[in-house]
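Note that ligands are numbered from 1 as they come in the structure, with each ligand's atoms numbered from 1 the same way.
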Amino acid sequence: MTAKLIDGAALARSIRQQCAARAKTLTEAGRQPGLAVVLVGDSPASAVYVRHKINDCKEAGIRSVLDHLPADTTEQALLARVRELNEDPSIDGILVQLPLPKQISEQRVIATIAAHKDVDGFHVANAGALMTGATGFRPCTPYGVMKLLESAGVPLAGAEAVVVGRSNIVGKPQAMLLLQSDATVTICHSRTRNLAEHTRRADVLVAAVGRAKMITADMVKPGATIIDVGMNRDENGKLCGDVDFESVAAVAGAITPVPGGVGPMTRAMLLVNTLEAAERASAGGT
Ligand code: GUN
């Protein structure tokens, strides 16, 4: 391996510590930050994610409220719960864990969350704010990736950045954030022709596809910075990213591991967004 390892676990730890200090200041001023996490149904993966988020809050001194609703919850009931949380002054952030059961429209649920409490940054008002450069919440994963790039000292102005994946949660907001940092951005996806021709031009390559080890060494420019957002299982059931780490690390300049790269940063940025919401609310704004 020649690439420098970008340690997301370490950076996330220091961000969590900063968050704990900010939470303490708010709490001492009589206003402990609060996050509501809503989980619908019994997906084991979602349960794990939610448990981590609740634990992170506890460690940082953020009050969290977990609403675990049954899998057959109606959309109407969930929307009613979200509206209650919107009105609750002790709640600064609301996170509804996705995916939701199929009888519920994710889009309507996200649209119902008050934009100033949407710490996931999924509401159209926050997506629009990101697009136009206005103040708003940035989705946690791409926001965390930007912090990783910054910590690794990766120059972005004028750089070729290629994002593989076009989801609303990662690919699209990632591209906007890279653009804001003056990179020249290409978004590739499942219908892209000659994917490797694009990825080989990348100074910064962000892989967010959800397919195990699909980015191989021949698709990477020597010296490039590789950010792996993937979280998959390989043929032996071992956790792996979208990047074939062993081979790519031999050509890349810097690379994030899976686990220990983007994952812990996503969780840390949720705390950052929650504190941002709490500080704004505490300052009297929304
Ligand atoms: N499901 C997978 N990732 C996320 C996320 O970042 N936020 C929410 N609410 N659900 C998710």
Q: Closest non-hydrogen protein atom to atom 6 (O) of ligand 1, residue and atom name please, with distance?
A: D120 OD1, 3.7 Å
Q: Provide the number and element of each atom of ligand 1 under 4.0 Å from a heavy atom of V96.
A: 8 (C), 9 (N)
Q: Is there a donor-acceptor contact under 3.5 Å from the side chain of K117 to the main chain of N86?
A: yes
Q: Looking only at heavy atoms, which two atoms of A207 and V243 are closest? And how far apart?
A: CB-CG2, 4.0 Å
Q: Give the atom numbers and elements of ligand 1 that come within less than 4.0 Å of a heavy atom of L95.
A: 9 (N)
Q: When you measure from atom 9 (N) of ligand 1 to the protein, is at least one non-hydrogen atom found at a distance under 4.0 Å?
A: yes
Q: Do any heavy atoms of Y49 fall under 4.0 Å from ligand 1?
A: no
Q: Taking all non-hydrogen atoms of both residues, which atom of N232 and which atom of G241 are closest, and how far apart?
A: ND2-O, 3.1 Å
Q: Any carboxylate oxygen within less than 4.0 angstrom of a Lys/Arg side-chain nitrogen, looking at R31 and D92?
A: yes
Q: Are T73 and R81 linked by a side-chain donor-acceptor pair shorter than 3.5 Å?
A: no
Q: Answer with side chain, backbone, both or neither: which part of L98 has a heavy atom less than 4.0 angstrom from an atom of ligand 1?
A: both
Q: In Å, rounded to the nearest 0.5 Å, how long is the span from CZ of F137 to CG of L270?
A: 10.5 Å
Q: In terms of residue, atom name and distance, what is the protein heavy atom nearest to atom 3 (N) of ligand 1?
A: Q97 NE2, 4.6 Å
Q: For ligand 1, note which part of T266 has a heavy atom under 4.0 Å away: side chain, backbone, both or neither.
A: neither
